[in-house]
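Sequence lines set the chain letters: A, B, ... in the order given, protein chains first and strands last, and positions in each chain run from 1.
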There are 2 protein chains.
Amino acid sequence: MTMNAAGGRRRPPTIHDVAREAGVSRGTVSRVLNGGHYVSPAAQEAVNAAIRRTGYVVNRHARSLITGRSDSIGFLLTEPQEKLFEDPNFNVLLRCCTQALAAHDIPLLLMLAGTQDERRRITRYITAGHVDGVLLVSSHSADPVAEQLHEAGVPLVQCGKPMGRGTKVSYVAADDRDGARDMMRHLLSLGRRRIGMVNGPVDTPGGVDRLAGYKEVLTEAGLEIDERLIVSGDWGRASGEAGAERLLAQAPDLDAVFVASDLMAQGVLAALQRAGRRVPQDIAVGGFDDSPAALASSPELTTIRQPWDRISAEMVRVLLAQIGGEDPAAVILPTELVKREST
Amino acid sequence: MTMNAAGGRRRPPTIHDVAREAGVSRGTVSRVLNGGHYVSPAAQEAVNAAIRRTGYVVNRHARSLITGRSDSIGFLLTEPQEKLFEDPNFNVLLRCCTQALAAHDIPLLLMLAGTQDERRRITRYITAGHVDGVLLVSSHSADPVAEQLHEAGVPLVQCGKPMGRGTKVSYVAADDRDGARDMMRHLLSLGRRRIGMVNGPVDTPGGVDRLAGYKEVLTEAGLEIDERLIVSGDWGRASGEAGAERLLAQAPDLDAVFVASDLMAQGVLAALQRAGRRVPQDIAVGGFDDSPAALASSPELTTIRQPWDRISAEMVRVLLAQIGGEDPAAVILPTELVKREST
DNA sequence: CTGAAAGCGCTTACAG
DNA sequence: CTGAAAGCGCTTACAG
């Protein structure tokens with residue numbers, strides 16, 4: 001029972017009303033609604049006119065009850081809400097996923113579940129069939145939400161490689177390790193030899209793989225791994241600032257820093273400036289992500305570009321395939337070195 | 001047809017399976033599901049055990065088909081997506097609304113509709129019954145989405161006073177005019193007499209009412225309204241910076257600025273600093289919102305606090321009442337002057 | 001307190 | 001190409 005604009009009560013028209021109005025059966029109306037196959041042009045016409053006259057809109061609940069589909073996708077962020085606003089990567093990813101879904105005319109529902117309570121509520125909501133599948137974004141290592149949704153049989157694609165037991169959960173990720181290698185080779189090619197690293201949390205795949213790339217290249221170049229050159233933050237700007245300060249204290253002779261996120265790199269730049277070190281003359285700084293933060297920095301950051309547009313498109317593709325019955329899949333996409341002013 | 005964790009196909013258990021398992025009728029299972037009224041403790045017990053054993057989860061589509069409810073609320077932002085990330089007010093409002101809904105155990109679905117195409121898609125989605133009601137956020141004057149949803153009979157509450165024809169749409173807003181008056185009286189009480197204003201867009205209610213408050217207090221104080229002292233921006237930081245530059249050029253003798261948003265006030269502070277004017281010694285600056293931007297500024301902003309927690313709680317209250325059949329309502333909440341360092 | 005039954009609004013084989 | 005009919009999984013008066 002809804003109210004129309006005039007405030008009067010009105011029963012929304014059903015397929016039955018349309019059928020009567022068009023002088024056909026309800027089956028025929030339904031066929032028109034679902035693509036117009038096996039319908040004569042005359043009937044087609046009559047039904048469309050009736051739909052217009054009655055202002056008919058399909059009742060989603062009834063349709064979904066039969067098809068088992070809701071024709072919508074959830075974009076679930078299991079992070080404190082602040083993350084969404086602080087980290088420009090989320091902004092980009094969200095926009096790209098919206099666009100990728102728009103190509104299929106599917107609306108994206110953003111779900112924020114930063115607290116335990118919200119995660120419980122949203123898990124129940126999803127499990128009950130409100131969305132056909134979930135694009136899951138979480139930088140945390142072992143996400144219980146992913147586990148629960150997967151157990152419940154909800155089609156699911158993670159952004160970034162999930163850690164832990166190699167479950168059968170789909171994911172799409174950039175090649176973190178190879179990206180780190182590219183940056184390190186770049187820094188070495190500039191003649192830098194005391195290269196520090198401000199890493200992300202080591203309980204995240206990004207933290208693990210970017211560190212691995214860092215070490216690999218140093219070893220290949222015949223350089224020692226000096227643990228005083230390695231610190232880690234939490235991906236956020238402030239932690240990059242703190243990390244750079246620790247590096248300067250532990251290894252004052254460093255001549256380059258590879259920072260595992262652009263946001264942390266902004267903090268690193270601030271700390272270096274305060275310490276009177278010039279970038280890139282004294283210390284070269286390389287970031288990771290090529291997020292909007294890279295261009296907003298001064299000097300502009302040399303960084304490793306994560307192909308968010310392709311990542312999003314692949315996440316949507318894999319998810320829709322899975323909803324269609326296909327098995328999970330993992331997709332790894334190459335990164336790209338973007339040279340700017342900071343190296 | 002969903003897949004379980006093992007990958008095998010499995011038909012999700014229905015109320016029928018639970019009834020058989022518990023040795024009762026489906027009606028009894030349904031009664032347990034809906035609050036357990038008129039059910040014996042023994043039956044209650046048996047049903048709950050059967051639910052646990054079968055892993056039953058209610059099928060939302062079937063339930064919604066009957067009740068006509070989806071038990072979820074949409075938070076719709078008809079702004080370019082960037083706004084969400086740039087303006088800290090949205091962050092606060094989103095968090096507060098989430099909390100207000102959580103008190104009713106209702107999940108919030110965030111819907112971003114910045115483009116024409118997205119607005120069309122999401123309007124159809126909402127109209128089809130996916131959500132029971134909409135919390136609408138839009139700083140624009142005449143929002144066609146609001147109109148369409150209202151026409152379709154979707155319960156709707158706007159954040160901020162809608163402009164234009166006084167439709168019967170519910171809204172919750174802070175008392176912009178009174179807030180502006182408080183700030184102006186405060187500036188006058190400090191002895192300032194050449195008070196400029198960086199206003200928001202004049203086609204928004206905020207822009208109209210805050211300007212009205214500004215002029216009112218000046219007139220009451222017997223001061224001239226000098227149009228060279230009034231400029232307007234788009235609520236964003238950059239426009240505040242540009243606005244302050246224009247003010248300094250048009251009225252170099254100004255001794256205070258009332259800025260219609262904290263975000264623009266940040267820009268104003270930057271411009272004043274660049275121009276070598278000290279705040280508050282040379283020029284006092286008052287903001288509006290008391291958003292996180294006010295504390296992030298240097299000096300910290302004196303501003304007018306919008307009571308976002310109450311605004312959110314009222315939006316939710318009015319929306320739920322409307323879903324329950326009540327008529328629309330408008331709620332205006334008082335603001336509060338917060339004195340900090342910039343005045 | 002409980003079961004049998006009707007019905008929510010749609011889709012989809014099934015006969016024609 | 002089209003209609004009559006079954007059925008999706010649930011809730012809710014209605015009798016007991």
Enquirer: Hey, does the side chain of B/Thr28 come within less than 4.0 Å of C/dT2's phosphate (OP1/OP2), counting only N and O?
Expert: no

Enquirer: Given 3.5 Å as the limit, does a donor-acceptor pair link the side chain of A/Asp17 with the main chain of A/Thr14, or not?
Expert: yes

Enquirer: Can you list the residues that meet the side-chain hydrogen bond (donor to acceptor under 3.5 Å, both in side chains) rule with B/Arg310, with sequence neighbours excluded?
Expert: none

Enquirer: Applying side-chain contact (heavy atoms from CB on, under 4.5 Å), name anything that partners B/Ala146, two or more places apart in sequence or on another chain.
Expert: B/Leu136, B/Asp143, B/Leu156, B/Gln158

Enquirer: Ignoring the backbone of A/Val24, work out which of D/dG3, C/dC1, D/dC8 is nearest its side chain.
Expert: D/dG3

Enquirer: Taking DNA chain D as the partner, which of residues 121-132 of chain A come within under 4.0 angstrom of it by heavy atom?
Expert: none

Enquirer: Look at B/Thr14 and D/dG9 and indicate whether a side-chain polar atom (N or O) is within less than 4.0 Å of OP1 or OP2.
Expert: no

Enquirer: Assign B/Ser30 to base, sugar-phosphate, or nothing according to its heavy-atom contacts below 4.0 angstrom with the strands shown.
Expert: base

Enquirer: If I take atom CZ in residue A/Arg26 and atom P in nucleotide C/dC10, what distance separates them, rounded to the nearest angstrom?
Expert: 9 Å

Enquirer: Would you check if the side chain of A/His61 reaches a backbone N or O of B/Gly129 as a donor-acceptor pair within less than 3.5 Å?
Expert: yes

Enquirer: Side-chain donor-acceptor contacts of residues 39-53 of chain B below 3.5 Å, not counting sequence neighbours, with atom names and distances?
Expert:
residue: B/Ser40; atom: OG; partner: B/Ala43; partner atom: N; Å: 3.2
residue: B/Arg53; atom: NE; partner: B/Glu21; partner atom: OE2; Å: 2.7
residue: B/Arg53; atom: NH2; partner: B/Glu21; partner atom: OE2; Å: 3.3

Enquirer: Round to the nearest Å and state the distance from B/Tyr38 atom OH to D/dT11 atom C1'.
Expert: 15 Å

Enquirer: Over how many whole Å does the gap from B/Arg69 atom CZ to C/dC8 atom C1' extend?
Expert: 15 Å

Enquirer: Could I get the full list of ring-ring contact (aromatic ring centres under 6.0 Å, His included) partners for B/His130, not counting sequence neighbours?
Expert: B/Tyr125

Enquirer: To the side chain of A/Arg63, which of C/dT11, D/dT2, C/dG3 is closest?
Expert: C/dT11

Enquirer: Do the side chain of A/Thr78 and the main chain of A/Ala113 share a donor and acceptor less than 3.5 angstrom apart?
Expert: no

Enquirer: Which pairs, protein N/O on one side and nucleotides 13-16 of chain C N/O on the other, fall under 3.5 Å?
Expert:
residue: C/dA13; atom: N6; partner: A/Arg31; partner atom: NH2; Å: 3.3

Enquirer: Roughly how far apart, to the nearest Å, are D/dG16 and D/dT12 at atom C1'?
Expert: 16 Å

Enquirer: DNA chain C in dot-bracket, Watson-Crick or G-U pairs under 3.5 Å, [ ] crossing, | other strand?
Expert: |||.||||||||.|||

Enquirer: Under the rule for side-chain contact (heavy atoms from CB on, under 4.5 Å), what residues qualify as partners of A/Ala128, not counting sequence neighbours?
Expert: B/Val57, B/Arg60

Enquirer: For the residue pair A/Gln322 and A/Pro155, what are the closest heavy atoms and their distance?
Expert: NE2-CA, 4.0 Å

Enquirer: Compare the minimum distances between each of D/dC10, C/dC10, D/dC8 and the side chain of B/Ile15, then state the nucleotide with the smallest one.
Expert: D/dC10

Enquirer: Quickly work out the B/Ile66 CD1 to D/dC10 C1' distance and round it to whole Å.
Expert: 4 Å

Enquirer: Does A/Asp132 reach the main-chain N or O of A/Arg69 with its side chain, forming a donor-acceptor pair under 3.5 Å?
Expert: no

Enquirer: Excluding sequence neighbours, so at least two apart, what forms side-chain contact (heavy atoms from CB on, under 4.5 Å) with B/Arg26?
Expert: B/Ile15, B/His16, B/Ala19

Enquirer: Would you mind reporting whether B/Val134 and B/Ile73 have side-chain heavy atoms less than 4.5 Å apart?
Expert: no

Enquirer: How would you list, by chain and number, every residue that makes a salt bridge (Lys or Arg N to Asp or Glu O under 4.0 Å) with A/Asp117, sequence neighbours excluded?
Expert: A/Arg120, A/Arg121

Enquirer: Return the set of residues passing side-chain contact (heavy atoms from CB on, under 4.5 Å) with A/Asn91 (not counting sequence neighbours), or none when no residue passes.
Expert: A/Arg95, B/Gln81, B/Phe85

Enquirer: Rounded to the Å, how far apart are A/Leu33 CG and C/dG9 C1'?
Expert: 11 Å

Enquirer: Output the rounded distance in Å from NE2 (A/His37) to P (D/dT2).
Expert: 14 Å

Enquirer: Does anything in residues 40-62 of chain B reach DNA chain C, meaning a heavy atom under 4.0 Å, and if so which residues?
Expert: B/Ser40, B/Ala43

